[in-house]
Amino acid sequence: MDRDVSEPRVVVGVDGSPSSYEALRWAVRYAGLVGAAVDAVAVWELPGLYGWSAPAVDLDVDEDETRQRMRKELTDVLGADAVGSVRSHVVHGNAADVLLRAAEGAEVLVVGSRGRGGFAAALLGSVSQHVSQHASCPVVIVRARQE
């Protein structure tokens, strides 16, 4: 990710979960208060890719699909007018590792409390827990709204 070190940044992880949408909204509001740019980061990874012998997979197709989905999600969550104020990044790799690298030098890293994993009763997802313990900047963990 290209970074302008002269400008404060807020990094937010977006994974399609309700709590990541709330994290995105929180990040945009906070960035507006402190005059920072928002870097929204979506991470994609093929499960079981490493050490798995299988037919060739077109990685570009998955990245393109993730980019299209992210563009739509940003527009749905923020609205067409506000989406232009967010820089979106789609990165292949492990979510926690990618977010930690993206947040180097940032004012704050914002993540949802739980991603798309299957443990609905967990207070924190594995990614939010990992980045909260290893980030080099403050971390804000945002829960989804109760409906």
Side-chain angles (χ1 to χ4, degrees), residues 1-4 7-50 52 57-147:
M1 265 172 270
D2 295 331
R3 296 187 189 114
D4 179 357
E7 157 181 64
R9 293 180 310 115
V10 173
V11 175
V12 57
V14 180
D15 68 2
S17 68
S19 63
S20 83
Y21 294 160
E22 288 304 315
L24 178 60
R25 289 183 190 101
W26 192 96
V28 169
R29 284 191 307 270
Y30 180 78
L33 293 173
V34 300
V38 177
D39 287 329
V41 180
V43 183
W44 68 277
E45 181 175 36
L46 292 176
L49 179 64
Y50 305 103
W52 182 55
V57 176
D58 186 355
L59 297 179
D60 291 334
V61 170
D62 292 311
E63 184 175 359
D64 290 342
E65 182 180 320
T66 302
R67 279 187 202 288
Q68 290 172 5
R69 192 174 331 123
M70 180 158 181
R71 219 172 294 128
K72 180 182 180 335
E73 289 175 358
L74 290 175
T75 302
D76 290 349
V77 172
L78 300 175
D81 294 337
V83 76
S85 67
V86 175
R87 300 182 295 210
S88 65
H89 307 275
V90 175
V91 183
H92 177 260
N94 174 275
D97 292 341
V98 169
L99 290 172
L100 288 171
R101 279 194 312 274
E104 290 174 4
E107 296 292 311
V108 66
L109 171 59
V110 186
V111 293
S113 61
R114 280 188 316 180
R116 300 172 63 118
F119 297 105
L123 290 175
L124 288 179
S126 59
V127 172
S128 56
Q129 184 170 6
H130 185 84
V131 300
S132 71
Q133 295 171 346
H134 299 283
S136 59
C137 65
V139 176
V140 174
I141 301 172
V142 181
R143 296 185 68 163
R145 289 185 194 171
Q146 298 298 321
E147 309 233 353

Legend entry - pair Ile141-Ser132: side-chain heavy atoms closer than 4.5 Å: yes
Legend entry - Within-4.5 Å side-chain heavy-atom neighbours: His130 and Leu100: yes
Legend entry - Contact summary for Val131 and Ala96, nearest pair of heavy atoms: CG1-O, 3.9 Å
Legend entry - Nearest non-hydrogen partners of Asn94 and Val43, listed with the distance: C-CG1, 4.0 Å
Would you tabulate the side-chain donor-acceptor contacts of residues 22-33 under 3.5 Å, counting partners in other chains and residues two or more places apart, or write 'none'?
from, atom 1, to, atom 2, distance (Å)
Glu22, OE1, Arg145, NE, 3.3
Glu22, OE2, Arg25, NH1, 2.6
Glu22, OE2, Arg145, NE, 3.1

Legend entry - Closest non-hydrogen atom pair between Gly35 and Pro8, with its separation: O-CG, 3.7 Å
Inset, instruction - State, yes or no, whether a side-chain contact exists between Glu73 and Asp76 at a heavy-atom distance under 4.5 Å. - result: no
Legend entry - Distance-minimising heavy-atom pair for Ala135 and Leu109: CB-CD2, 4.5 Å
Legend entry - Taking every non-hydrogen atom, the tightest pair across Ala40 and Val86: CB-CG1, 3.6 Å
Legend entry - Test item: Arg9 side-chain N/O and Ala102 main-chain N/O as donor-acceptor pair under 3.5 Å: yes
Legend entry - Check: Ser113 main-chain N/O paired with Ser128 side-chain donor or acceptor under 3.5 Å: yes
Inset, instruction - Could you grab the distance from atom CZ of Arg69 to atom CG of Asp15, nearest 0.5 Å is fine? - result: 10.5 Å
Legend entry - Distance (rounded to the nearest 0.5 Å) between Leu99 CG and Asp39 CG: 11.5 Å
Legend entry - Heavy-atom closest contact (Ala42 atom, Met70 atom, distance): CB-SD, 3.2 Å
